[in-house]
Amino acid sequence: NKSFAISDQTKDLLKSLNTDIDVIILSDEAALSSSGVSGKQVTEIINKYSQYSSRIKTQFINPEKNPEKIAQYTNLYKGDLSTKFAIIKAGDKIKALDTADFVTSTQTSQTSYSISSTAEQAMTTAIMNVTDANPLKVTVLTAENAMAITSLTDMLEKNGYEIEQVDPVAGKIDQESAFVILNTPLNDLSVQAVDKIEKYLDNDGKLGKNLLYVSSYVQKETPNIDAL
């Protein structure tokens with residue numbers, strides 16, 4: 001069945017792996033496989049990865065019955081794993097994925113939805129992320145925002161970027177970041193915070209750094225930001 005197969009590009013990636021990868025699915029395998037066509041498809045595709053590479057070890061773990069097995073990964077992951085569907089780990093690098101990364105739902109009519117698997121895309125991208133020795137980093141400056149940019153940061157993460165949240169006052173902007181995002185701050189930044197951004201953009205006189213600044217009509221006056 002072609003819907004349960006993986007692409008030649010993914011097979012080539014798996015053949016080229018030179019590091020061990022743990023794939024932990026936070027679900028009982030039998031329960032997932034029997035949860036409709038999409039559940040069976042996701043299960044089959046996940047298992048294909050270890051079939052095509054001896055570097056990949058796949059485990060299906062029920063987190064409620066085996067919390068101690070999940071605890072070993074919490075120190076590596078900066079967030080809550082209890083709501084995740086899958087963990088991809090290589091060395092000390094870890095990527096956690098949601099159920100929505102593996103299946104998508106498309107409305108086909110007012111009362112009907114079509115569910116399809118995106119398991120291969122999710123798995124392959126995650127493996128590329130954790131095996132990339134030099135991932136590009138994006139720094140997101142935390143501030144009180146007029147709107148969220150979750151869709152943007154999710155897209156960047158899915159394309160291999162490492163997202164770092166930094167307080168513009170107390171935190172430090174990594175000079176190695178590919179670019180910095182300042183998203184719809186409701187209030188002006190302090191002179192100290194703006195100085196940090198200017199130092200990052202100057203890059204010791206070499207320049208070549210970028211700031212993605214998204215403004216909003218609900219912002220107050222921002223003379224410090226405007227001076228950048």
Can any side-chain N or O of [X] pair as donor or acceptor with the backbone N or O of [Y] at less than 3.5 Å?
X      : Y      : answer
Ser33  : Glu29  : no
Lys93  : Asp132 : yes
Asn129 : Glu157 : yes
Thr153 : Thr150 : yes
Thr184 : Ser216 : no
Asn210 : Phe179 : no
Asn187 : Lys220 : no
Lys199 : Leu201 : no
Tyr200 : Ser177 : yes
Asp101 : Ala122 : no

Are [X] and [Y] close enough that some pair of their side-chain heavy atoms sits under 4.5 Å apart?
X      : Y      : answer
Val130 : Lys89  : no
Tyr73  : Ile94  : yes
Asp98  : Lys84  : yes
Asn47  : Thr58  : yes
Leu212 : Val138 : no
Val23  : Ser50  : no
Pro185 : Thr222 : no
Phe85  : Leu97  : no

Report yes or no: do [X] and [Y] belong to one cluster of Ile/Leu/Val/Met/Phe/Trp/Tyr joined by side chain heavy-atom distances under 4.5 Å?
X      : Y      : result
Met155 : Leu136 : yes
Leu211 : Val194 : yes
Ile61  : Val42  : no
Leu26  : Phe102 : no
Ile25  : Ile21  : yes

Could you tell me the separation between the [atom1] atom of [X] and the [atom2] atom of [Y], rounded to the nearest 0.5 Å?
X      : Y      : atom1 : atom2 : answer
Thr118 : Met123 : OG1   : CE    : 12.0 Å
Ile46  : Gln51  : CD1   : CD    : 12.0 Å
Asp202 : Asp204 : CG    : CG    : 7.0 Å
Asp20  : Arg55  : CG    : CZ    : 5.0 Å
Lys137 : Asp174 : NZ    : CG    : 4.0 Å
Tyr213 : Leu228 : OH    : CG    : 9.0 Å

Legend entry - Over 12 non-hydrogen atoms of neighbours within 6.0 angstrom of CD in Gln72: yes

Inset, instruction - Decide if atom OH of Tyr161 counts as having more than 12 heavy atoms of other residues, nucleotides or ligands within a radius under 6.0 Å. - result: no

Inset, instruction - Establish, from distance only, whether the side-chain atoms of Gln59 and Asp22 form a donor-acceptor pair under 3.5 Å. - result: no

Inset, instruction - Would you please say whether a donor-acceptor pair under 3.5 Å links the side chains of Thr10 and Thr124? - result: yes

Taking every non-hydrogen atom, the tightest pair across [X] and [Y]:
X      : Y      : value
Pro135 : Glu162 : CG-OE1, 3.8 Å
Phe60  : Ser27  : CB-O, 3.3 Å
Leu14  : Ser53  : O-OG, 3.5 Å
Lys209 : Gln175 : NZ-O, 2.9 Å
Glu120 : Ile6   : OE1-CA, 3.6 Å
Glu198 : Ala227 : OE2-O, 4.4 Å

Legend entry - Among Ile163, Ile149, Val140, side chain to side chain contact (heavy atoms under 4.5 Å, CB included) partner for Leu156: Ile163

Inset, instruction - Test side chain to side chain contact (heavy atoms under 4.5 Å, CB included) on Leu13 and Thr131 and set out the steps. - result: CA-CA 11 Å; Leu13 169 68; Thr131 56; 5.6 Å; no

Inset, instruction - Decide yes or no on side chain to side chain contact (heavy atoms under 4.5 Å, CB included) for Asn183 and Leu152, but give the supporting numbers first. - result: CA-CA 11 Å; Asn183 172 50; Leu152 172 59; over 6 Å; no

Inset, instruction - Applying side chain to side chain contact (heavy atoms under 4.5 Å, CB included), run through Ile173 and Leu141 and close with a yes or a no. - result: CA-CA 9 Å; Ile173 300 175; Leu141 299 179; 4.1 Å; yes

